[in-house]
Q: 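Got a structure here, written out as structure tokens. Questions coming.
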Amino acid sequence: FKQKTAYEIASGDWSSDVCSSDLFPSHDTERFNSSSMVNLSGTNGTITMPYLALNNLFAYTGSGIIRAVRVNNTVGGKIEQNTFIPSSNSQWGIVLLGTAQHMSIGWNQYGTDSLNRVSDGGIGTIGVARNFASLLTNGWVIEGSGSFADCTYIKDDEGYVTVQGVIKSGTVGTISSPVELFTLPEDYRPAKSIHIPVYTQDTSPAVVPGNVLVNAALGRVFQINGSNGMLSLNLRFLAAKPATSNINSLGYGAGHTANT
């Protein structure tokens with residue numbers, strides 16, 4: 001690979017031909033975080049579209065390493081096909097901080113003791129499932145028996161958002177009086193509002209056809225008919241183009257229209 005200087009890395013001119021080995025010749029402490037094996041952090045500008053792949057990252061006991069990869073002040077990019085082996089199960093594989101925007105996390109191998117694989121504090125992260133149980137409102141709760149899928153939403157590389165989970169017991173919505181279930185974050189909302197059929201049951205239990213409305217402007221997900229003995233969500237839609245002005249090269253959102 002072409003050798004990059006620390007200034008070049010920090011200025012945001014990364015392209016897909018840069019690998020993790022480019023990071024280590026520079027010992028600039030602004031770029032190297034001693035508690036991370038790889039530190040993707042723009043400090044003199046935003047790193048655009050970094051790509052980290054095909055690395056074996058092993059931390060040894062007593063090394064002081066608490067995470068394999070730290071990501072901050074980046075836009076776009078992907079981390080995939082790496083192997084992360086921690087020295088203890090308290091360590092993280094990948095940590096995305098608050099200004100890591102639209103980073104895609106692909107398939108990576110984690111050690112069997114890696115209980116903490118990805119800490120997602122980023123914006124519009126791709127490929128990482130987020131739990132929405134804490135976002136539920138109006139009396140709705142997760143089904144909780146353990147036999148159903150976790151209540152999560154996730155965005156893929158094509159820009160499609162999938163929302164899955166089983167909830168129950170909340171206020172029942174109708175077409176004339178919709179009831180909010182939860183609100184999706186901005187980067188996980190459809191380009192246009194969309195109605196999606198769902199499976200619901202009453203307490204007998206009998207199947208009751210239902211529908212939800214995903215509001216594009218506010219990201220609010222409403223039940224508009226059905227019952228509340230159980231509501232099974234399996235929603236999929238194309239997300240709106242990210243609001244970030246310099247994210248157009250991500251390859252989704254622009255020019256697409258969500259099905260309604």
Side-chain angles (χ1 to χ4, degrees), residues 96 101-102 104-105 118 120-203 205-244 247 250 252-254 256-260:
L96 304 175
Q101 303 178 59
H102 309 284
S104 176
I105 305 299
V118 180
D120 181 16
I123 299 171
T125 304
I126 298 164
V128 177
R130 294 183 173 187
N131 194 291
F132 65 81
S134 64
L135 305 179
L136 292 170
T137 188
N138 290 313
W140 288 93
V141 297
I142 61 173
E143 208 291 332
S145 68
S147 59
F148 297 101
D150 292 337
C151 292
T152 60
Y153 58 93
I154 187 171
K155 183 162 58 174
D156 66 23
D157 281 325
E158 298 300 320
Y160 282 92
V161 173
T162 300
V163 181
Q164 290 184 315
V166 179
I167 58 178
K168 65 179 182 179
S169 302
T171 303
V172 176
T174 64
I175 293 176
S176 60
S177 183
V179 169
E180 182 180 351
L181 305 175
F182 58 94
T183 299
L184 288 167
E186 182 175 355
D187 292 293
Y188 300 86
R189 301 172 183 176
K192 296 182 179 180
S193 295
I194 183 170
H195 289 83
I196 303 176
V198 293
Y199 174 93
T200 77
Q201 287 182 350
D202 61 21
T203 55
V207 175
V208 180
N211 277 276
V212 298
L213 167 67
V214 185
N215 179 274
L218 301 175
R220 297 166 72 185
V221 181
F222 295 94
Q223 184 192 38
I224 55 175
N225 64 336
S227 192
N228 66 353
M230 183 177 74
L231 192 164
S232 179
L233 296 168
N234 188 15
L235 317 179
R236 189 170 188 266
F237 52 83
L238 186 65
K241 178 180 176 181
T244 308
I247 207 68
L250 281 186
Y252 70 84
H256 292 269
T257 302
N259 293 326
T260 57

Q: Looking only at heavy atoms, what is the nearest atom pair of Met230 and Tyr199, with distance?
A: CE-CE2, 3.4 Å
Q: Does the Gln223 side chain pair with the main chain of Val179, one donor and one acceptor, at a distance under 3.5 Å?
A: no
Q: Does the side-chain contact (heavy atoms from CB on, under 4.5 Å) test come out yes or no for Val198 and Leu235, once each step is laid out?
A: CA-CA 8 Å; Val198 293; Leu235 317 179; 3.9 Å; yes
Q: Please name the pair of heavy atoms, one in Leu213 and one in Ser193, separated by the smallest distance, quoted to 0.1 Å.
A: CD1-CB, 4.3 Å
Q: To the nearest 0.5 Å, how far apart are CG in Asn215 and NZ in Lys192?
A: 14.5 Å
Q: Could you give the distance from NE2 (His195) to CD1 (Ile175), rounded to the nearest 0.5 Å?
A: 7.5 Å
Q: Do Thr125 and Tyr188 have side chains that get closer than 4.5 Å, going by heavy atoms?
A: yes
Q: Carefully, step by step, assess Asp156 and Arg236 under the rule side-chain contact (heavy atoms from CB on, under 4.5 Å).
A: CA-CA 11 Å; Asp156 66 23; Arg236 189 170 188 266; 3.5 Å; yes
Q: List the atom of Thr200, the atom of Ser227, and the distance in Å for their closest heavy-atom pair.
A: OG1-N, 3.1 Å
Q: Going from OG1 on Thr203 to NZ on Lys168, what distance comes out if it is rounded to the nearest 0.5 angstrom?
A: 11.5 Å
Q: Apply salt bridge (Lys or Arg N to Asp or Glu O under 4.0 Å) to the pair Lys155 and Asp187, showing each step before the final yes or no.
A: CA-CA 9 Å; Lys155 183 162 58 174; Asp187 292 293; 5.0 Å; no
Q: Side-chain contact test, heavy atoms from C-beta onward, threshold under 4.5 Å: evaluate it for Leu231 versus Leu181 and give yes or no.
A: yes
Q: List the steps and the verdict of side chain to side chain donor-acceptor pair (under 3.5 Å) for Asn138 and Thr171.
A: CA-CA 6 Å; Asn138 290 313; Thr171 303; 5.3 Å; no
Q: To the nearest 0.5 Å, tell me how far Ile224 CD1 sits from Asn211 CG.
A: 5.0 Å
Q: Run the side-chain contact (heavy atoms from CB on, under 4.5 Å) check on Thr183 and Arg189 step by step: do they pass?
A: CA-CA 9 Å; Thr183 299; Arg189 301 172 183 176; 4.0 Å; yes
Q: Run the side-chain contact (heavy atoms from CB on, under 4.5 Å) check on Ile167 and Leu136 step by step: do they pass?
A: CA-CA 9 Å; Ile167 58 178; Leu136 292 170; 3.9 Å; yes
Q: Within a strict 4.5 Å, meaning less than it, do heavy atoms of the Trp140 and Asn228 side chains meet?
A: yes
Q: Between Leu135 and Tyr153, what is the shortest heavy-atom contact and its length?
A: CD1-CE2, 4.3 Å
Q: Nearest 0.5 Å, what's the OG1-CG distance between Thr174 and Asn225?
A: 8.5 Å
Q: Give me the atom names and distance for the closest heavy-atom approach of Val163 to Phe237.
A: CG2-CE2, 4.4 Å
Q: If you compare all heavy atoms of Cys151 against all heavy atoms of Ile142, which two are closest, and at what distance to 0.1 Å?
A: SG-CG2, 3.4 Å
